[in-house]
Q: 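Before we start, here is the structure in question, set down as structure tokens.
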Amino acid sequence: MSHSRSWRIGKVSRVAVALLGTGVLLVGCASNGDDSGTDTTNTSGDVVTGMVNEQPDPGDAVAGGTMTYGVQVLVPSLDPTKTAARGGSGGEAFAAVYDVLMSYDTASGEFEPKLAESLDTSDDGSTWTLKLRDGSALDANAVIASIDRYNAGKGNGAELWLASVESAQASGPTTVDFKLKTPWMRFPSMLALGHGMIVAPSSQQGDKFTAVGAGPFTEDLFTPSVERIFKANPSYYGGAPKLDKLRMVALNGPQANLESLNSGQLDVAYIRGLTSAINSAKSAGYPGYIDVLNAGSAEIVNNREGRPGSDVRVRQAIGYALDTTLIDQRVENGEGLPGSELFGPTSQWHVDTPGIAYDPEKAKELLNQAKADGYDGTLDYVVLSEPKDHAIGLAVQSLLQAVGFEVNLILANNAGDIVQNVYVKHDFDLAHAGIGMYESILDLGLFSTTNSTSMANTAGYANPAMDQLIADLQQAKDNSSTLAIIGKIQTLWNETVPSAPIGGLTSFWAWQKNVHGVVPTATGIMLFDQAWMGAK
């Protein structure tokens, strides 16, 4: 291929923010003054993202042992088409078995080959050539077959892939050529998640699925709702992992994960969305990785016909009624990341266009207009019956009722109920969850949650102007033009209020001081192929 070069996606240079980086989707963290994080440029106010409490040189790696990781969810199947690959909720299990063709360097913001040897592109970004490692357990046909299977199974991102990729063809035993319908500078992000987790053709035998991949581990034992254990794969391309086994357990939320970390029952803990627990772990000196999920805390408005939110005035009234700072004060004692914008100040995609402003008088005016046309003012509001989410629900209910809504608070017993009622049945008017704009998968996040054709568009929002802006965003040639389009998206979002973000959601992947070599990648997935444990 002529005029080819390696494509490295760098972060944006910003004036106000230096370079950086629910519920069910169903994560800002306040820092004390003695933060020892290495990536201190990734800041916004007191918030620091990136690696924190960096460990000194640990010396030579030690082989052996079982590392226990406390996750949010143990996925019932290791089939990547069944669950979106995300950190703490399935992504690590998939990566353990399949690895990823491309990994996301959270410090530089660049995508780099992992299981692949290289990914090159033509100058305009419309053709990409993937080369596999010599001696890899994969070949080009296996990659294509896995991607075809993933798309046929409607895995997360399949719609965007099919809308964007014209063809994937083998041009040699270890080479795959991807021809895109239009140039796309962030295409490598698609090979860092489900599309890049290559499932061996032998995995599917009729209705029976057995997880077979080229990753660093193989599945050893699975006890639903209790644990999943992996054992080292001696045939891994980088050599057998140092760990004998990797064990994943799902506990009852971030506080339970912190307590289990403190007691030594966990080697690695996923502490999601609870600022007090995150601050406690950070202050205790636990090393690890902190990340913010943009719009990770949000009120999802059902835009579908027959629901109150089908009236844009009702959606606007909801947006104007929500005082995100007040909600944060009531729920996080002012330590969270309140805001109504899609991409908050910690994000490389943050723009000068603010989110919708708190304006209760305007909310009352819009609501009264809708009532004059026959709307009775009621909202069925679904919230997870978990302390933090319940507190958010009460705060939101109070703010909405203050402008004239009548809000029926419906408490879901568990995350599964949220999934069924909100994400599957769409049986809600308003629901607390998250929109979830990950730094590393900008195009996929916006397309999945907002495009009118997306099956993952929980709100049911449909707007041709937004569809066009998302298409324009995908074709943006550089970060400057990307930011300009995000500004337009935010403006249209403020006008039409598909849903109402109320803040960023912080997560801390914290580990014991004797744990080394855990590497974060896209969407907070932790990679364990280089992980090992020293003496306690």
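All heavy atoms count here, side chains included; hydrogens, waters and symmetry mates do not.
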Q: Measuring from atom OG of Ser347 to atom CG of Leu342, what distance do you get when rounded to the nearest 0.5 angstrom?
A: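 Output value for this atom pair is 10.0 Å.
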Q: Could you tell me whether the side chain of Thr324 reaches within less than 4.5 Å of the side chain of Tyr358, counting heavy atoms only?
A: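 No, every pair of side-chain atoms sits at 4.5 Å or beyond.
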Q: Can you give me the closest heavy-atom contact between Ser448 and Ser454, atom names plus distance?
A: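 Between these two residues, the closest heavy atoms are O-OG, 2.6 Å.
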Q: Do Ile300 and Phe428 make a side-chain contact, defined as non-hydrogen atoms from C-beta onward lying under 4.5 Å apart?
A: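 Side-chain contact under 4.5 Å: yes.
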Q: Taking the side chain from Arg86 and the backbone from Thr523, do they hold a donor-acceptor pair closer than 3.5 Å?
A: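 The answer is no, because no donor-acceptor pair under 3.5 Å joins these two groups.
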Q: Can a donor-acceptor pair be found, under 3.5 Å and without considering hydrogens, that links the side chain of Asp467 to the backbone of Ser452?
A: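 Yes, because the side chain of Asp467 sits within donor-acceptor range (under 3.5 Å) of the backbone of Ser452.
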Q: Main chain of Ser89, side chain of Tyr270: is a donor-acceptor contact present, judged purely on distance under 3.5 Å?
A: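 No: the side chain of Tyr270 does not pair with the backbone of Ser89.
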Q: Flag the pair Asp120 and Lys131 as a salt bridge only when some basic side-chain nitrogen lies within less than 4.0 angstrom of an acidic carboxylate oxygen.
A: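 No, no charged N to carboxylate O under 4.0 Å.
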Q: Would you say Tyr381 and Glu299 are linked by a side-chain donor-acceptor pair, where the criterion is simply a distance under 3.5 Å?
A: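 Checked: Glu299/Tyr381 side chains pair up, N/O donor to acceptor below 3.5 Å.
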Q: Verify whether one side chain among Ser126 and Asp124 offers a donor that lies under 3.5 Å from an acceptor in the other.
A: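 Note: Ser126 and Asp124 side chains meet the donor-acceptor criterion.
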Q: Keeping Arg315 on the side-chain end and Val497 on the backbone end, is there a donor-acceptor pair under 3.5 Å?
A: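 Yes; judged by distance alone, with no hydrogens or angles, the pair exists.
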Q: Between Ser164 and Gln474, does any side-chain donor sit less than 3.5 Å from a side-chain acceptor?
A: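 Ser164 vs Gln474: donor-acceptor pair found between side chains.
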Q: Is any side-chain heavy atom of Asp417 closer than 4.5 Å to a side-chain heavy atom of Gln420?
A: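 Heavy-atom side-chain distance check fails, nothing below 4.5 Å.
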Q: Measure the OG-CD1 distance between Ser340 and Ile327 for me, rounded to the nearest 0.5 Å.
A: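 Separation between the atoms: 10.0 Å.
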Q: Pair Met197, Ile525 - check side chain to side chain contact (heavy atoms under 4.5 Å, CB included), show working.
A: CA-CA 12 Å; Met197 295 172 169; Ile525 293 173; 4.1 Å; yes
Q: Is there a donor in the side chain of Asn421 and an acceptor in the side chain of His426, or the other way round, less than 3.5 Å apart?
A: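 The answer is no; no qualifying pair exists.
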Q: Please evaluate residues Val351 and Phe343 with respect to the criterion side chain to side chain contact (heavy atoms under 4.5 Å, CB included), reporting the C-alpha separation (whole Å), side-chain torsions for both, the decisive distance (0.1 Å), and the verdict.
A: CA-CA 8 Å; Val351 294; Phe343 299 94; over 6 Å; no
Q: What do the steps show when you test Val212 against Val199 for side chain to side chain contact (heavy atoms under 4.5 Å, CB included), and what is the final call?
A: CA-CA 6 Å; Val212 181; Val199 176; over 6 Å; no
Q: Does Glu439 use its side chain to pair, donor to acceptor, with the backbone of Gln348 at less than 3.5 Å?
A: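 Side chain of Glu439 to backbone of Gln348, a donor-acceptor pair under 3.5 Å: yes, one is there.
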Q: Stepwise, does the side-chain hydrogen bond (donor to acceptor under 3.5 Å, both in side chains) test hold for Ser507 with Asp291?
A: CA-CA 5 Å; Ser507 288; Asp291 196 23; over 6 Å; no
Q: Taking atom types as modelled and ignoring hydrogens, do the side chains of Trp509 and Tyr69 form a donor-acceptor contact shorter than 3.5 angstrom?
A: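 Side chains of Trp509 and Tyr69: pair found under 3.5 Å.
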Q: Got a second to check how far Leu138's CG is from Leu101's CG, nearest 0.5 Å?
A: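 The CG atom of Leu101 is 7.0 Å from CG of Leu138, to the nearest 0.5 Å.
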Q: Judged by modelled atom types alone, do Asp99 and Tyr236 share a side-chain donor-acceptor pair under 3.5 Å?
A: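 Indeed, the side chains of Asp99 and Tyr236 share at least one donor-acceptor pair under 3.5 Å.
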Q: Contact between Thr127 and Leu180 at the side-chain level, heavy atoms closer than 4.5 Å - yes or no?
A: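 No, their side chains stay 4.5 Å or more apart.
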Q: What I want to check is whether the side chains of Arg272 and Asn257 have a donor and an acceptor closer together than 3.5 Å.
A: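 On atom types as modelled, these side chains do not qualify, holding no pair under 3.5 Å.
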Q: Please name the pair of heavy atoms, one in Val383 and one in Asp389, separated by the smallest distance, quoted to 0.1 Å.
A: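 In this case the closest contact between Val383 and Asp389 is CG1-O, 3.1 Å.
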Q: Strictly distance-based, threshold 3.5 Å: is any side-chain N or O of Glu159 a donor or acceptor partner for the main-chain N or O of Met455?
A: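 Checking the backbone N and O of Met455 against the side chain of Glu159, a donor-acceptor pair under 3.5 Å is found.
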Q: Hey, which of Arg228, Lys82, Glu92 is the one that makes side chain to side chain contact (heavy atoms under 4.5 Å, CB included) with Val75?
A: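 Filter result, single survivor: Arg228.
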Q: Would you name the heavy atoms of Gly336 and Thr275 that are closest together and state the gap between them?
A: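 That would be CA-OG1, 4.1 Å.
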Q: Side-chain contact, heavy-atom cut-off 4.5 Å: Arg186 with Leu442?
A: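 Counting from C-beta outward, Arg186 and Leu442 do come under 4.5 Å.
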Q: Under 3.5 Å, is there a donor-acceptor pair between the Trp349 and Asn479 side chains?
A: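 Asn479 and Trp349 do not have a side-chain donor-acceptor pair below 3.5 Å.
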Q: Could you tell me whether the side chain of Leu119 reaches within less than 4.5 Å of the side chain of Trp128, counting heavy atoms only?
A: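 A side-chain contact under 4.5 Å exists here.
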Q: What's the spacing between Thr182 OG1 and Gln475 CD if we round to 0.5 Å?
A: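 With rounding to 0.5 Å, OG1 (Thr182) is 4.0 Å from CD (Gln475).
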Q: I need the Thr521 OG1 to Glu112 CD distance, nearest 0.5 Å.
A: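 Atom-to-atom, Thr521:OG1 and Glu112:CD are 9.5 Å apart.
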Q: Please lay out, stage by stage, how Leu193 and Ile441 fare under the test side chain to side chain contact (heavy atoms under 4.5 Å, CB included).
A: CA-CA 9 Å; Leu193 295 173; Ile441 54 170; 3.6 Å; yes
Q: Between His195 (side chain) and Tyr150 (backbone), is there a donor-acceptor pair under 3.5 Å?
A: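 It does not hold such a pair.
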Q: I'd like to know whether NZ of Lys154 has more than 12 heavy-atom contacts from other residues, nucleotides or ligands below 6.0 angstrom.
A: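 Atom NZ in Lys154 is not packed in, count stays at 12 or less.
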Q: Trp493 and side chain to side chain contact (heavy atoms under 4.5 Å, CB included): which partner among Asn463, Thr450, Ile356, Ile486?
A: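 Only one option passes, and that is Thr450.
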Q: Grab the two heavy atoms, one from Ile318 and one from Leu322, that are nearest each other, plus how far apart they are.
A: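 Closest approach of Ile318 to Leu322, heavy atoms only: O-CG, 3.2 Å.
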Q: Please report the shortest heavy-atom distance between Gly157 and Leu444, naming the atom on each side.
A: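 Result for this residue pair: CA-CD1, 3.4 Å.
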Q: Just how far is it from atom CG of Leu492 to atom CD of Gln468, taken to the nearest 0.5 Å?
A: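 If we round to the nearest 0.5 Å, Leu492:CG and Gln468:CD are 12.0 Å apart.
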Q: Side-chain contact test, heavy atoms from C-beta onward, threshold under 4.5 Å: evaluate it for Met437 versus Thr449 and give yes or no.
A: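 A side-chain contact under 4.5 Å exists here.
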Q: Is a side-chain donor-acceptor pair under 3.5 Å present for Thr496 with Tyr461?
A: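 There is such a pair (donor and acceptor under 3.5 Å, judged by atom type) between the side chains of Tyr461 and Thr496.
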Q: Indicate whether the side chain of Asp177 and that of Thr129 have a donor and an acceptor atom separated by less than 3.5 Å.
A: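 There is such a pair between these side chains.
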Q: Can a salt bridge be assigned to the pair Glu166 and Lys179 using a cut-off of 4.0 Å between side-chain N and carboxylate O?
A: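 Between Lys179 and Glu166 there is a salt bridge, with a charged N closer than 4.0 Å to a carboxylate O.
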Q: What's the shortest heavy-atom distance between His350 and Glu341, and which atoms?
A: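 Distance-wise, the nearest heavy atoms are CE1-OE2, 4.0 Å.
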Q: Between Arg304 and Asp429, does any NZ, NE, NH1 or NH2 come within less than 4.0 Å of an OD or OE carboxylate oxygen?
A: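 No, this pair does not count.
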Q: Examine the side chains of Ser310 and Asn303 and answer whether a donor and an acceptor come within less than 3.5 Å of each other.
A: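 There is no such pair (donor and acceptor under 3.5 Å, judged by atom type) between the side chains of Ser310 and Asn303.
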Q: Could you check whether the rings of Phe187 and Trp161 sit parallel, tilted or perpendicular, using 30° and 60° as the cut-offs?
A: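 It falls in the tilted class, 30° to 60°.
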Q: When you measure from the side chain of Thr491 to the backbone of Gly487, do you find a donor-acceptor pair of N or O atoms at a distance under 3.5 Å?
A: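 Here the side-chain-to-backbone pair exists.
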Q: Evaluate the side-chain proximity of Leu473 to Phe447: yes if any heavy-atom separation is below 4.5 Å, no if none is.
A: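 Sidechains of Leu473 and Phe447: no contact.
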Q: Going by atom types only, do Ser481 and Asp478 share a side-chain donor-acceptor pair under 3.5 Å?
A: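 Present: a donor and an acceptor within the cut-off.
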Q: Checking salt bridge (Lys or Arg N to Asp or Glu O under 4.0 Å) for the pair Asp529/Lys114: CA distance, chi angles, key distance, verdict?
A: CA-CA 11 Å; Asp529 55 285; Lys114 180 125 183 1; 3.3 Å; yes
